[in-house]
Amino acid sequence: MADPQVIVVFGATGDLARRNLFPGLFRLYAAGLLPEEFHVIGSGRHAPGSDEEFRDRLGAAVRKFAGDVFDERRWDTFAARLGFVASSADDGAELAAAVDRARRTTAEGKGQRARLLLYLSVPPAIAGAMVEMLGATGLADDATLVMEKPFGTDLASARALDATIAGIVPEERVFRIDHFLGLEAVRTLLALRFGNGLFESFWNREHIASVVIDVPEDLGLEGRAGFMESTGTFRDMVTTHLCQILGVVALEPPARLTADALRAEKLRVFRALRPFDPAETVFGQFDGYRAEEGVAEDSTVETFVALRARVDNWRWRGVPFLLRTGKAMGSSQRLLTVTFREPPLDLFGAGDLDEGNGARPPDALTLELSDHPLVRLRLAASRPGAQPRLGRGDFAFRPAEFFADDEPLEAYTRLLLDALRCDQTLFTGAAEVERLWEVCEPVLREPPDPLPYARGSWGPEAALRLADPHGWAVPEA
Ligand SMILES: NC(=O)C1=CN([C@@H]2O[C@H](COP(=O)(O)OP(=O)(O)OC[C@H]3O[C@@H](n4cnc5c(N)ncnc54)[C@H](OP(=O)(O)O)[C@@H]3O)[C@@H](O)[C@H]2O)C=CC1
Ligand SMILES: O=C1O[C@H](COP(=O)(O)O)[C@@H](O)[C@H](O)[C@H]1O
């Protein structure tokens with residue numbers, strides 16, 4: 001990482017850039033993880049005013065989202081290397097000239113041009129045209145290219161996008177990002193499964209009754225009506241984040257922890273993933289969505305999805321994988337819950353464990369899908385006293401607290417760093433993405449009518465029933 005570096009963020013005035021990308025770059029800078037010589041150019045069709053105004057806007061965002069590492073002096077030195085140059089899919093000439101200048105000046109005296117990373121944080125429908133522009137202007141010639149999710153909007157467009165990219169940037173320089181893969185929780189899960197002798201022996205259909213990936217969000221549109229109307233929650237969250245987490249839960253032990261090995265195993269899971277069935281998929285739309293600014297008054301776009309997935313392989317056949325996510329729900333949480341089968345004989349009287357609802361068997365492993373994940377193993381335990389009675393007990397473990405000297409990396413910060421050092425391990429491959437669109441195709445072809453749900457609720461009633469008999473992970477049983 002010693003080489004001088006220029007980074008161009010397309011979509012620099014967007015929500016992701018404000019909340020994650022610039023705060024992530026700033027965290028890397030604050031941690032001394034960016035090269036000494038670097039320059040960042042934001043781009044988009046509409047300039048946010050002068051460079052000064054752009055920096056001020058970003059300064060406010062980074063102050064809000066970067067957390068404790070923010071400090072004014074550090075920000076000023078970072079911001080001095082920031083600028084904005086407008087570009088669009090039709091016209092990248094001014095940007096190409098600015099990038100060329102920046103690459104020379106950033107590497108001044110080193111006898112080379114600075115390395116270039118291009119980050120496309122634009123709506124999926126425009127991604128192909130933007131890549132063509134990068135090719136036509138020569139910007140992509142020797143650059144690393146990061147592509148935001150969702151990659152395409154269906155199988156045909158993902159294939160077309162892959163073909164466009166393949167003609168312009170070699171695959172080893174293409175980084176399809178899915179920030180859920182950058183969560184500390186993913187590394188925690190891999191370490192639990194493959195760093196211990198314990199878990200793999202029961203990580204299969206013999207012992208596991210269900211897997212729930214539950215990602216309710218309490219936030220609404222946050223000014224992203226245009227994005228929601230054109231993308232919807234199924235494409236935005238399910239085809240991407242939730243499926244990627246499913247892939248990590250279900251994959252076979254890779255021979256090595258390398259990009260090739262990990263992606264190959266994830267691809268094998270996705271090949272075994274049965275195409276989603278519209279009859280086992282519930283779409284919802286929160287009450288009041290159609291009255292939001294920028295939303296069509298007869299919109300049928302889904303803001304909520306729940307579905308039952310199945311992995312038809314030797315390890316998982318018959319185990320339901322339940323996926324749920326939605327906007328304007330009761331709370332924001334991300335929980336993976338692996339529920340184990342009940343013991344064959346009820347020696348203690350199961351009624352003792354039925355603390356009012358009786359829905360979920362006692363033993364389950366839960367993992368918060370976050371950057372500071374909590375791992376919880378809930379078990380039946382003997383209650384002290386004269387009678388043999390069972391209660392529920394938790395073993396809880398938060399790696400960030402246990403290893404208090406080590407600082408977890410926020411997901412985007414980690415993935416930006418990985419892209420800068422050309423490590424594709426936590427990025428998705430073209431074949432994975434294409435297979436996932438294939439799996440999603442039946443639902444895209446015949447989307448269920450979205451059912452209404454109240455803001456602050458857990459989604460439509462039909463979705464609650466989809467998770468029988470154990471229920472969703474949130475709110476906790
Ligand atoms: N926001 C989030 O929480 C997350 C978003 N993402 C992904 O990030 C990407 C961007 O999302 P987000 O920032 O929320 O979207 P926004 O709508 O907030 O921002 C989109 C950005 O793209 C630019 N843009 C839009 N259309 C074009 C165009 N035709 N040509 C060039 N630039 C264009 C816009 O600037 P201008 O209009 O000036 O051109 C704007 O800067 C999406 O792919 C999304 O899936 C991923 C994870 C989380
Ligand atoms: O990709 C996306 O992710 C966010 C949820 O992730 P978070 O890390 O910001 O909590 C989601 O709200 C957004 O709609 C989606 O585009």
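First listed ligand is number 1; within each ligand, the first listed atom is number 1. Source: prediction; values computed, not measured.
When heavy-atom distances to ligand 2 are checked against a 4.0 Å cut-off, Met228 has no atom that comes that close, whether in backbone or side chain.
The protein heavy atom nearest to atom 2 (C) of ligand 2 is His241 NE2, 3.3 Å. Looking from atom 4 (C) of ligand 2 to the surrounding protein, the closest heavy atom is Glu217 OE2, 4.0 Å. The shortest contact between atom 16 (O) of ligand 2 and any protein heavy atom is with Asp236 OD1, 2.7 Å. Protein heavy atom closest to atom 13 (C) of ligand 2, with residue, atom name and distance, is Arg224 NH1, 3.3 Å.
Note on ligand 2: Glu222 sits outside its first shell, no heavy atom being nearer than 4.0 Å.
Contact record, Ser121 with Leu16: OG-CD2, 3.4 Å, taken as the closest heavy-atom pair.
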Listed pairs under 3.5 Å, donor-acceptor, residues 269-277 side chains, sequence neighbours left out:
from   : atom 1 : to     : atom 2 : distance (Å)
Arg274 : NE     : Asp312 : OD2    : 2.8
Arg274 : NH2    : Asp312 : OD1    : 3.2
Asp277 : OD1    : Ala279 : N      : 2.9

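A salt bridge does not link Arg176 to Glu432: none of the charged nitrogens lies less than 4.0 Å from a carboxylate oxygen. Remark: Arg263 does not engage Asp260 in a salt bridge, criterion side-chain N to carboxylate O under 4.0 Å. The residues Glu72 and Arg63 are annotated as salt-bridged, a charged nitrogen and a carboxylate oxygen being separated by less than 4.0 angstrom. Using a cutoff of 4.0 Å between basic side-chain nitrogens and carboxylate oxygens, Arg455 and Glu292 are scored as salt-bridged. Under a 4.0 Å N-O distance rule, the pair Arg414/Asp418 does not qualify as a salt bridge.
The ring-ring contact (aromatic ring centres under 6.0 Å, His included) search around Phe38 returns Tyr29, Phe78, not counting sequence neighbours. When the side-chain contact (heavy atoms from CB on, under 4.5 Å) test is applied to Ala404, no partner is found at least two apart in sequence or on another chain.
Near Lys149, meaning under 4.0 Å from one of its heavy atoms, ligand 2 places the atoms 1 (O), 2 (C), 15 (C), 16 (O). The contact set between ligand 2 and Met237, taken as ligand atoms under 4.0 Å from a residue heavy atom, comprises 2 (C), 3 (O), 11 (C), 15 (C). Heavy-atom contacts of His179 reach the following atoms of ligand 2: 1 (O), 3 (O), 6 (O), 7 (P), 8 (O) (cutoff under 4.0 Å). For ligand 2, the atoms sitting less than 4.0 Å from at least one non-hydrogen atom of Lys327 are 11 (C), 12 (O), 13 (C), 14 (O), numbered in the order shown with element in parentheses.
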Write out each pair where an N or O from ligand 1 and one from the protein are under 3.5 Å apart, with the distance.
from     : atom 1 : to     : atom 2 : distance (Å)
ligand 1 : 1 (N)  : Asp15  : OD2    : 2.7
ligand 1 : 1 (N)  : Arg224 : NE     : 3.4
ligand 1 : 1 (N)  : Arg224 : NH2    : 3.4
ligand 1 : 3 (O)  : Arg19  : NH2    : 2.8
ligand 1 : 13 (O) : Asp15  : N      : 3.1
ligand 1 : 13 (O) : Leu16  : N      : 2.9
ligand 1 : 14 (O) : Arg224 : NE     : 3.0
ligand 1 : 14 (O) : Arg224 : NH2    : 3.4
ligand 1 : 18 (O) : Asp15  : N      : 2.8
ligand 1 : 26 (N) : Arg45  : NH2    : 3.3
ligand 1 : 35 (O) : Thr13  : OG1    : 3.3
ligand 1 : 37 (O) : Arg45  : NH2    : 2.9
ligand 1 : 37 (O) : His46  : ND1    : 3.3
ligand 1 : 38 (O) : Arg45  : N      : 3.4
ligand 1 : 38 (O) : His46  : N      : 3.0
ligand 1 : 38 (O) : His46  : ND1    : 2.8
ligand 1 : 39 (O) : Arg45  : N      : 2.8
ligand 1 : 39 (O) : Arg45  : NE     : 2.8
ligand 1 : 41 (O) : Gly11  : O      : 3.4
ligand 1 : 41 (O) : Thr13  : N      : 3.4
ligand 1 : 41 (O) : Thr13  : OG1    : 2.7
ligand 1 : 41 (O) : Gly14  : N      : 3.1
ligand 1 : 43 (O) : Val122 : O      : 3.2
ligand 1 : 43 (O) : Lys149 : O      : 2.9
ligand 1 : 45 (O) : Lys149 : O      : 2.6
ligand 1 : 45 (O) : Lys149 : NZ     : 3.2

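No side-chain donor-acceptor contact under 3.5 Å links Arg324 to the backbone of Leu464.
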Might you work through the salt bridge (charged side-chain N to carboxylate O under 4.0 Å, His left out) test for Asp162 and Arg159, ending with a clear yes or no?
CA-CA 5 Å; Asp162 275 326; Arg159 280 189 177 144; over 6 Å; no
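Checked against a 3.5 angstrom limit, the closest N/O atoms of Arg334 and ligand 2 fall inside it.
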